[in-house]
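Right, one structure below, let's go through it.
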Amino acid sequence: MTNPTSIADTNDNINSTMNLDHTLDNGLENSLEHIDDLNYATLTDALEQTVFENFDDGLYIGMMSGTSLDGMDAVLCQFGGEENTQQPMRLLATRSQDFPPRLREVLLALCQPNGVQELIPTMGEPNSELDWFGWASKEYAEFASEVVNNLLQQSNTDVESVLAIGCHGQTVRHRPQMGFSLQLLDANIIAERTGISVVSDFRRRDMAVGGQGAPLVPAFHQALFATPDSTRVLLNLGGIANITVLPADANSGNNSPVIGYDTGPANLLLDAWTALHTDKGYDAGGEWAQSGQVVEPLLNQLIEHPFFARTYPKSTGREDFNLAWLQSELQKFDQASAHIRYSSADVQATLTELTAMSSSMQINMFINAKENSSVYVCGGGALNDYLMTRLQAHLPHCKVETTASLGLNPAWVEAVAFAWLSRQTLMGETGNLPAVTGASKGVVLGQVCFA
């Protein structure tokens, strides 16, 4: 709007103010009498031409790189809207790319306090933690932009048809007890390189109202997977394991809230131990773990970690569970139990059992043997056949299967969740569940960087 002081002198402004006062005093009543003559159709037409014209017909991209840092997943999807209950979401295209080795190395270092001290900078690279953070934010965004553009190209999708990208960024520090969570990402670069608006920074608004900022995916689980017929438990086995409990009446407005929280480590430790002792980045199918034997005394020691005894809502990450912590625990175990011999495969079997047991202990709190209940697994751990077998052994009263049974490949659930969360943000709808995160109220999550 043109500033009146730029086109009129002071006297004109005084006269304009006096005329405005006169209008307000004498003409307000007449204006109100003719309010019915306003052309509401014209106003509606104008609003429909905004960037938020239609949320249901547009496409969304969701991106996810989890705690395990095994790569970046991206999905292109379309949501059917409230009126389309038969097909609430269509997964149109997917893509997964491994991180560039140097970027992954730096991200892993940033995930540990003062971890960048172990990095050896090459010419032109940073030499302090804060500089490394800035470097990685840019490189992460450049890589994410490449993944998006590859996804659009392979699916032959026009940029103009995508309303938003939901990009979580990479969590390098999650300290809910200190009231903050730090995600590494420069959304400006993604918006500029792709020509698509980006929604990011999903966690901190929840934390601003007293929440843990995690987990956020349960709200999506409720929207897509809740059913009035049975209790469903979603178990996500990413770097960290977390559960979402969907009561049979979760979407009915009754008094059975959705429950969700982290249960402990999953692929984070399994992958780290595998990479340390083999030439592989992960234990495919759990075959290596299956070749070993669970070391029960070690398992009992690991399950004593204080996180497992905390009440929900709770969340954790690489700050609590990491390779250094595991090696410290092994050192303590060796000192206390020098007579026990074990192999590296036995440790992998024990870590697999730790994931299965710690998550199942929590799930069993919400499963009634007499009720119709199911457990659906997603995340990379859903591809670990041995881990799935151990989960079923610990959950004898329900069938354990993957989210493929619900129509969504377990590898893409979290990426689709952040596409859905970006849509919630554009719609001005809440994206958190206070009963899950511990927030005082539901809030609209994320910040939007317009293309």
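Since this is a predicted model, take the numbers as computed values, not measurements.
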Practice task
Would you check, one step at a time, whether the test side-chain contact (heavy atoms from CB on, under 4.5 Å) holds for L246 with V233?
Solution key: CA-CA 6 Å; L246 301 173; V233 178; over 6 Å; no
Handout entry: Where C111 and R318 come nearest, the two heavy atoms and their spacing
Key = CB-CD, 3.4 Å
Practice task
Look only at the side chain of R423 and the backbone of Q78, and say whether a donor-acceptor pair between them is shorter than 3.5 Å.
Solution key: no
Problem - Other residues, nucleotides, ligands: >12 heavy atoms within 6.0 Å of F99 CZ - result: yes
Completion exercise
Sequence neighbours excluded, the answer for ring-ring contact (aromatic ring centres under 6.0 Å, His included) partners of H168 is F418
Problem - Under 3.5 Å donor-acceptor, T425 side chain and L421 backbone - result: yes
Problem - Donor + acceptor pair across side chains of S65, Y140 (<3.5 Å) - result: yes
Problem - Y282 and N267, any side-chain heavy atoms less than 4.5 Å apart - result: no
Exercise for the section: Would you check if V162 and L76 make a side-chain contact, meaning some heavy-atom pair closer than 4.5 Å? Expected result: yes
Practice task
Start with the C-alpha distance between M207 and Q212, add both sets of side-chain angles, then the distance that settles side-chain contact (heavy atoms from CB on, under 4.5 Å), and finish with yes or no.
Solution key: CA-CA 6 Å; M207 302 186 91; Q212 296 252 329; 5.8 Å; no
Fill in the blank from the handout: side chain to side chain donor-acceptor pair (under 3.5 Å) filter on T389, not counting sequence neighbours, yields none
Please output the side-chain donor-acceptor pairs of residues 430-444 that fall under 3.5 Å, not counting sequence neighbours, one pair per line with the distance.
residue, atom, partner, partner atom, Å
N432, OD1, V443, N, 2.8
N432, ND2, D206, OD1, 2.8
N432, ND2, K441, O, 3.2
T437, OG1, D206, OD1, 2.7
T437, OG1, D206, OD2, 3.3
T437, OG1, A439, N, 3.3
S440, OG, V209, O, 3.1

Exercise for the section: Compute whether any side-chain donor of one residue and acceptor of the other, for Q301 and E329, lie under 3.5 angstrom apart. Expected result: yes
Practice task
Quick one: closest heavy-atom pair of A93 and S155, and the distance?
Solution key: CB-CB, 3.7 Å
Problem - Ring-ring centroid check F180 H174, cutoff 6.0 Å - result: no
Practice task
Inspect the surroundings of CD in Q112 and state if more than 12 heavy atoms from other residues, nucleotides or ligands are less than 6.0 Å away.
Solution key: yes
Completion exercise
In short, L163 meets L426 closest at the heavy-atom pair O-CD1, 4.1 Å
Practice task
State, yes or no, whether a side-chain contact exists between T171 and T67 at a heavy-atom distance under 4.5 Å.
Solution key: no
Handout entry: Heavy-atom side-chain proximity of V199 to Q447 below 4.5 angstrom
Key = no
Practice task
Please check if the side chain of T403 supplies one atom and the backbone of Y376 the other of a donor-acceptor pair under 3.5 Å.
Solution key: no
Problem - Under 3.5 Å: donor-acceptor pair, side chain of D262, backbone of G264 - result: no
Exercise for the section: Assess whether side-chain contact (heavy atoms from CB on, under 4.5 Å) is satisfied between I61 and L152, documenting all intermediate values. Expected result: CA-CA 10 Å; I61 290 176; L152 294 173; 4.0 Å; yes
Practice task
Determine, step by step, whether Q348 and T274 satisfy the side-chain hydrogen bond (donor to acceptor under 3.5 Å, both in side chains) criterion, reporting the C-alpha distance in whole Å, the side-chain angles of both residues, the deciding distance to 0.1 Å, and the verdict.
Solution key: CA-CA 7 Å; Q348 186 73 0; T274 299; 3.1 Å; yes
Practice task
Taking the side chain as every heavy atom from C-beta outward, state whether R232 and L406 have any atom pair closer than 4.5 Å.
Solution key: yes
Practice task
Report yes if the side chains of W273 and L351 come closer than 4.5 Å at any heavy-atom pair, otherwise no.
Solution key: yes
Practice task
Evaluate the side-chain proximity of L235 to C378: yes if any heavy-atom separation is below 4.5 Å, no if none is.
Solution key: no
Practice task
Return yes if a side-chain donor-acceptor contact under 3.5 Å exists between D158 and S161, otherwise no.
Solution key: no
Handout entry: Side chain proximity check, I165 to I190, heavy atoms < 4.5 angstrom
Key = yes
Exercise for the section: Check the side chains of S96 and D73 for a donor-acceptor pair under 3.5 angstrom, ignoring hydrogens and angles. Expected result: yes
Practice task
Say whether, by atom type as modelled, one donor and one acceptor occur between the side chain of N364 and the main chain of S360 under 3.5 angstrom.
Solution key: yes
Exercise for the section: Specify whether W288 and H277 have parallel, tilted or perpendicular ring planes, treating 30° as the upper limit for parallel and 60° as the lower limit for perpendicular. Expected result: tilted
Handout entry: Heavy-atom donor-acceptor pair, K314 side chain to F307 backbone, under 3.5 Å
Key = yes
Fill in the blank from the handout: Across all chains, not counting sequence neighbours, the salt bridge (Lys or Arg N to Asp or Glu O under 4.0 Å) partners of E105 are R102
Exercise for the section: Taking atom CD of Q177 as the centre, report whether more than 12 heavy atoms of other residues, nucleotides or ligands fall under 6.0 Å from it. Expected result: yes
Practice task
Compute whether any side-chain donor of one residue and acceptor of the other, for S374 and E401, lie under 3.5 angstrom apart.
Solution key: no
Handout entry: Heavy-atom pair of closest approach, residues A289 and Y386
Key = CB-CD2, 3.8 Å
Exercise for the section: Identify the heavy atoms of R203 and A214 that sit nearest to each other, and give their distance. Expected result: NH1-CB, 3.3 Å
Exercise for the section: Start with the C-alpha gap between F308 and Y261, add the side-chain angles, then the distance that decides, and say whether ring-ring contact (aromatic ring centres under 6.0 Å, His included) holds. Expected result: CA-CA 11 Å; F308 296 115; Y261 54 94; over 10 Å; no
Practice task
Could you tell me which non-hydrogen atom of F143 sits nearest to which non-hydrogen atom of D98, and how far apart they are?
Solution key: CZ-O, 3.2 Å
Problem - Side chain Q392, main chain V400, donor-acceptor under 3.5 Å - result: yes
Exercise for the section: Kindly indicate, with the supporting measurements, whether the criterion side-chain hydrogen bond (donor to acceptor under 3.5 Å, both in side chains) is fulfilled by Q183 and D201. Expected result: CA-CA 7 Å; Q183 280 68 50; D201 195 11; over 6 Å; no
Completion exercise
E353 meets the salt bridge (Lys or Arg N to Asp or Glu O under 4.0 Å) criterion, sequence neighbours left out, with R390
Practice task
Verify side-chain contact (heavy atoms from CB on, under 4.5 Å) between Q97 and M72, making sure each step is shown before the conclusion.
Solution key: CA-CA 5 Å; Q97 289 184 215; M72 186 175 293; 5.6 Å; no
Exercise for the section: Would you kindly say whether E142 and S145 are connected by a side-chain donor-acceptor distance under 3.5 Å? Expected result: no
Practice task
Take atom CZ of R204 as the centre, draw a 6.0 Å sphere, and report whether it contains more than 12 heavy atoms from other residues, nucleotides or ligands.
Solution key: no
Exercise for the section: Check whether any side-chain N or O of S328 sits under 3.5 Å from a backbone N or O of A324 as a donor-acceptor pair, and report yes or no. Expected result: no
Problem - Side-chain H-bond candidate by donor/acceptor type, Q424 with S422, under 3.5 Å - result: no
Exercise for the section: Would you check if the side chain of T355 reaches a backbone N or O of P265 as a donor-acceptor pair within less than 3.5 Å? Expected result: yes
Exercise for the section: List the steps, then state whether side-chain hydrogen bond (donor to acceptor under 3.5 Å, both in side chains) holds for T244 with H221. Expected result: CA-CA 7 Å; T244 302; H221 288 162; 2.8 Å; yes
Problem - Test salt bridge (Lys or Arg N to Asp or Glu O under 4.0 Å) applied to E146 - qualifying residues, sequence neighbours left out - result: none
